[in-house]
Participant: 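Take this structure, written in structure tokens, and hold onto it; I'll ask about it next.
Below, chains carry the letters A, B, ... as their sequence lines are ordered, and counting in each starts from 1.
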2 protein chains.
Amino acid sequence: MAELVFDANDCAACPIRHRAVCARCEPDELERLEEIKYYRHFESGQHIVWGGDQMDFVASVVSGIATLSQAMEDGRTQMVGLLLPSDFLGRPGRKEAAYDVTAVSDVTLCCFRRKPFEQLIETTPHVAQRLLEMTLDELDAAREWMLILGRKTAREKIASLMAIIARREAALRMSKAANGARFELPLTREAMADYLGLTIETVSRQISALKRDNVIALEGKRKVLVPDFNRLLAETGDDADGGLLI
Amino acid sequence: MAELVFDANDCAACPIRHRAVCARCEPDELERLEEIKYYRHFESGQHIVWGGDQMDFVASVVSGIATLSQAMEDGRTQMVGLLLPSDFLGRPGRKEAAYDVTAVSDVTLCCFRRKPFEQLIETTPHVAQRLLEMTLDELDAAREWMLILGRKTAREKIASLMAIIARREAALRMSKAANGARFELPLTREAMADYLGLTIETVSRQISALKRDNVIALEGKRKVLVPDFNRLLAETGDDADGGLLI
DNA sequence: GGTCACTTTTGATGCAGGTCAAGGAGCGGG
DNA sequence: CCCGCTCCTTGACCTGCATCAAAAGTGACC
């Protein structure tokens, strides 16, 4: 939990510099961004914004994990977005948050005041281009997710989630796990249930079943070990070579 | 079925001119677009592209309805996008189609050759800006859809779909239906089932149930009459004032 | 008008996953 | 060390939707 310290004036040292919305910025564009940026920290479990709230900033996730979710009045909740480091939060042109945003771990945001950011998007191409690219990636992820929600069995859903997290983890650290994989499960059972459209009981049961069948093994409660990644992929129901786009 | 005729050189007369990806174009930008555009027609039921196919164009839907869908090897299918007139098809920067695209009615596309379109996006701001806006709208729609898929009951799913189509219909013709609504149901039972993550039997049963409960009435097989739109909204499970963003 | 192909509706039955309930397991604080 | 809290697991039971099956439209074509 050692608080990371960022030099508020040095984007060059930023850990997400090459993947975030500012990835393509020229030095002068970066300067303009630095003028309107500020960091905010949230503790695990804290709400970052509520759906419907006024939102006077947009932001990049610098570290930690946050979720976007939608709730119905009776309490049913569906996660609709999972924000990892470098992901973008907020929508230019929109004043109110459309979803609840919650910190799942301790989170650091690099916030940009909304108005100036919107102007910046209209006047400089590189931020807008990168944002389009990221939005298209998110849309692809959302569509993959829709297949999971609409057509997969509980077991396939759990396997798919594990595969997605393992892939992202690998992408972040640029390591191509030879065959097996080991990763931290950053979500509670409840968050997994909200992600997958299941109940926590079903999540728990299916994880136990995958463990029983030696598809996965748990170290502690949060570390997952996958002895044979292809075996896991087979359990997702997707075709062998795996078409997940994110 | 009277074939619409477009003047291939006159974007000004185009029925989707003000809503499509070209909506914000200046005359000179429009000229550049006209150089790389061509129309294609597809008949109802025809496949426009298959997921994985090479795709050397992107396009706007001029008329008709098309679906994006994903299939698993065993045949389970999930619709992940519904393209109405003015919606955009394809992704700049991607050579292969990510999804199956199927014409649900007779469809006319305004196609742009991919390479020149990509260049155009990098050099002129208005197309890219509009595309970002449209993509963000699609992402919102996808997230609404995820709540439907993950957490709603079959009855709520059907009611939600009816409400979405009624809203879009109203938006297209700019008519604010006073209280009730009447609209054409452009989808087969199978397409509805693929949209909602249900079977056609369940779709049929729930429509019968809504009919029995006087939430909707059918005229013929494809025209839906909603005597009290708020009653329908109540059946969707969303909060009263309705947060659907599209 | 009759036939064939296809879509839709309806009924009967089964099961995956939800619901309700009761313990464990891990952990910070007194 | 025990208490109280939160998170997770497991069991027993139930229900909403899928599945299987068949009948009833619907409409194109001869």
Participant: Can you name the closest pair of heavy atoms from D194(B) and Q78(B) and give their distance?
Facilitator: O-NE2, 2.9 Å
Participant: For L198(A) and dA16(C), give me the distance from atom CG to atom P, rounded to whole Å.
Facilitator: 14 Å
Participant: Taking 4.0 angstrom as the limit, do E235(B) and R231(B) come out as a salt bridge?
Facilitator: yes
Participant: Is the distance from OP1 or OP2 of dG17(C) to the nearest side-chain N or O of T202(A) less than 4.0 Å?
Facilitator: no
Participant: Give the rounded distance in Å between these two atoms: CG of L149(B) and C1' of dC17(D).
Facilitator: 15 Å
Participant: What's the CD1-P distance between I200(A) and dG18(C), to the nearest Å?
Facilitator: 11 Å
Participant: How close or far is atom P of dC6(C) from atom CZ of R222(B), stated in whole angstroms?
Facilitator: 16 Å
Participant: Between I158(A) (CD1) and dC8(D) (P), how many Å, whole number?
Facilitator: 12 Å
Participant: Give, for atom CE of M192(B) and atom CG of L198(B), the distance between the pair rounded to the nearest 0.5 Å.
Facilitator: 11.0 Å
Participant: The side chain of E201(A) is closest to which nucleotide in this list: dA21(C), dT9(C), dG18(C)?
Facilitator: dA21(C)
Participant: Heavy atoms only, 4.0 Å cut-off, all strands: where does S208(B) land among base, sugar-phosphate and nothing?
Facilitator: sugar-phosphate
Participant: Which is true for R76(B) with a 4.0 Å heavy-atom rule: it touches a base, it touches only sugar-phosphate, or it touches nothing?
Facilitator: nothing
Participant: Any side-chain heavy atom of F183(A) sitting closer than 4.5 Å to one from V226(A)?
Facilitator: yes
Participant: Tell me the interatomic distance from L210(A), atom CG, to dT9(D), atom P, rounded to whole angstroms.
Facilitator: 12 Å
Participant: Measure the distance from CE on M192(A) to C1' on dT9(D) and round it to the nearest whole Å.
Facilitator: 13 Å
Participant: Examine dT9(D): is either OP1 or OP2 under 4.0 Å from a nitrogen or oxygen in the side chain of R205(A)? Give yes or no.
Facilitator: no
Participant: For T199(B) and for I207(A), find the nucleotide of DNA chain D with the closest heavy atom, then tell me which residue's nucleotide is more 5'.
Facilitator: I207(A)
Participant: Between P on dG17(C) and CG on L196(A), what's the gap in Å once rounded to a whole number?
Facilitator: 12 Å
Participant: Considering every strand and a 4.0 Å limit on heavy-atom distances, what is the contact class for G197(B): base, sugar-phosphate, or nothing?
Facilitator: sugar-phosphate
Participant: Are T202(A) and K157(A) packed together at the side-chain level, in the sense that at least one heavy-atom pair is separated by less than 4.5 angstrom?
Facilitator: no
Participant: Ignoring the backbone of S204(A), work out which of dT8(C), dG18(C), dT10(D) is nearest its side chain.
Facilitator: dT10(D)
